[in-house]
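Quick notes on the structure that follows.
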Amino acid sequence: MTVTIVGAQLGDEGKGGIVDVFGEPADVVARYQGGDNAGHTVVHSGEKYKLSLVPSGAVRGKVGVLGGGCVVNPRTLFDELDRLREQGLDPDIRVARRAHIVFPYHRALDGIEEDVKSDDDQEVGTTGRGIGPAYEDKAGRRGVRAADLTDPDTLRERLEYVVPQKRALAERVFGAEAGERFDLEALYEEYRGYGERLDEEGMLVEAGAFLDGRIEAGDALLLEGAQGTVLDIDHGNYPYVTSSNPTAGGAATGTGLAPGVVGEEVVGVVKAYLSRVGSGPMPTELGGVPGDTPSYTEGQGEAEALATRIREAGGEYGTVTGRPRRVGWLDLPMVRYAARTSGFTGLAVNHVDTLAGFDEVRVAEAYRLDGERLERLPATVREWGACDPIYRRFEGWPETDWTAVTEAGYDALPANARAYLEYVCEETGVDMYAVGVGPGREETIVLEHPL
Ligand code: IMP
């Protein structure tokens, strides 16, 4: 049995909590895309674990797999593993032999290019982890894969080809100082060492065959998507996207499992409102965040006050940077689009408690673009940026004893909250599997468990 967890919006939907709850009976938790751009905090037995690359299930004793669709920064990987061991855990992590490696020059180039783009307000607002440049090298057939780290001749040959190119790019195209992050010999020595460690610890696997074998043996698998649908390189809001496929199709290519296997159960995780980190359009945005909101203007009055209230109640600040996230009302064209693109079989809606206490809660049921009603997400930034939301208004629901509600179950939710949730299910044609009413795993109401 396999369940795939996908973010339905722009990341930060609370996937970690849902992975936690639905991953409970899973034996293996695998990531299929992204790298150490996906910061998450796991709280287990009162202890806090901060992770960005290692799948969160590793904290709970599951086998963690980084699939071939991931980009792996070995410095981060071994830092995280060492830290988990210091905290008394014994994580079992496998890395796909086909996964690509993130080098320090990728991080350097990520920063350099964002800087250059910012001169014309074109920066994406990346996490600066070198994710885009690493995927560029993968597509450009000049990447180094995890298996290459264990073969010194191949590693040297690949680095001898690629490092001088990267150095020239930094210095001659961007006019930046290259420095030690482009030092071939130092990189070769350090990364050969990581190869030895991967080998010694028996971490490298043929991911597809490994995962298939576990399914054959009767194990339950959870495939954990990072980021979200609208950050998908193909289906997202290009160019304000990450460089991989968080949608369910990425779970097949990024693990080596067949589409039918990864599509068996696909849970779309939705936040009851919307947040966005970095730049790009956001038709339902309330207020705005200077530096991130395109053409931000100060003093948006009531909208700004609503945004602040949701941001504070929902803790909408970047985990690493502490930057305020942009917030807005739920965007249904986006969620419908996500449901179709990934074939959601179930929804998990989080942060229902965050919206408590408002007189009115809104949902964009469609957009208006050039005088026409539009139910779908347009393909370009220009069109999406020009969309005005058409809102449906719901009566708000009161502050509630959420612990009591979780114990009593779905029917104990305030009636107005249920009306809101049932509308989302109707509009997307997807059943509700879970409702989150607080940050802890015990504050999730499970209606249907996919495993
Ligand atoms: P990158 O993945 O670092 O290249 O960043 C590309 C875009 O994806 C930027 O807008 C980031 O803010 C966004 N992004 C990447 N990872 C996350 C995440 O875990 N949560 C929310 N946004 C993310």
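Order of listing sets the numbers, starting from 1, for every ligand and every atom in it. Since the model is a prediction, treat every value here as computed from it, not as a measurement. Throughout, numbering of the chain's residues begins at 1 and tracks the sequence.
One finds a salt bridge joining Asp292 and Arg323 here, because a Lys/Arg side-chain nitrogen approaches an Asp/Glu carboxylate oxygen to under 4.0 Å. The pair Glu206-Arg98 meets the salt-bridge criterion, with a side-chain N (NZ, NE, NH1 or NH2) lying under 4.0 Å from an Asp/Glu carboxylate O. Ion pair Glu224/Arg31 not flagged as a salt bridge, since none of the NZ, NE, NH1 or NH2 atoms sits closer than 4.0 Å to an Asp/Glu carboxylate oxygen.
Annotation: atom 2 (O) of ligand 1 to nearest protein heavy atom, Thr242 OG1, 2.6 Å. Protein heavy atom nearest atom 21 (C) of ligand 1, with residue, atom name and distance: Asp12 OD2, 3.2 Å. Atom 3 (O) of ligand 1 has as its closest protein heavy atom Thr127 OG1, 2.6 Å. In terms of protein heavy-atom proximity, atom 7 (C) of ligand 1 is closest to Val241 O, 3.7 Å. Of the protein's non-hydrogen atoms, Thr126 CA, 3.4 Å is the one closest to atom 5 (O) of ligand 1. Considering only non-hydrogen protein atoms, atom 19 (O) of ligand 1 sits nearest to Asn37 O, 3.4 Å.
Among the candidates Thr229, Val430, Val270, Leu274, the single residue satisfying the side chain to side chain contact (heavy atoms under 4.5 Å, CB included) test with Val335 is Val270.
Proximity of Gly125 to ligand 1 is established by a heavy-atom distance of less than 4.0 Å. For the pair Gln227 and ligand 1, a heavy-atom separation below 4.0 Å is found.
Geometrically, Arg181 does not engage Tyr105 in a cation-pi contact defined by less than 6.0 Å to the ring centre and at most 45° from the axis.
When Asp232, Ile131, Leu231, Asp110 are ranked by how near their heavy atoms come to atom 14 (N) of ligand 1, first place goes to Leu231.
Aromatic ring pairs are classed by plane angle as parallel below 30°, tilted from 30° to 60° and perpendicular above 60°; the pair Tyr194 and Phe78 is parallel.
Counting the atoms of ligand 1 from 1 in the order shown, those under 4.0 Å from a heavy atom of Val277 are 10 (O), 12 (O).
Within the 4.5 Å cutoff, side-chain heavy atoms of Leu223 are placed close to those of Leu257.
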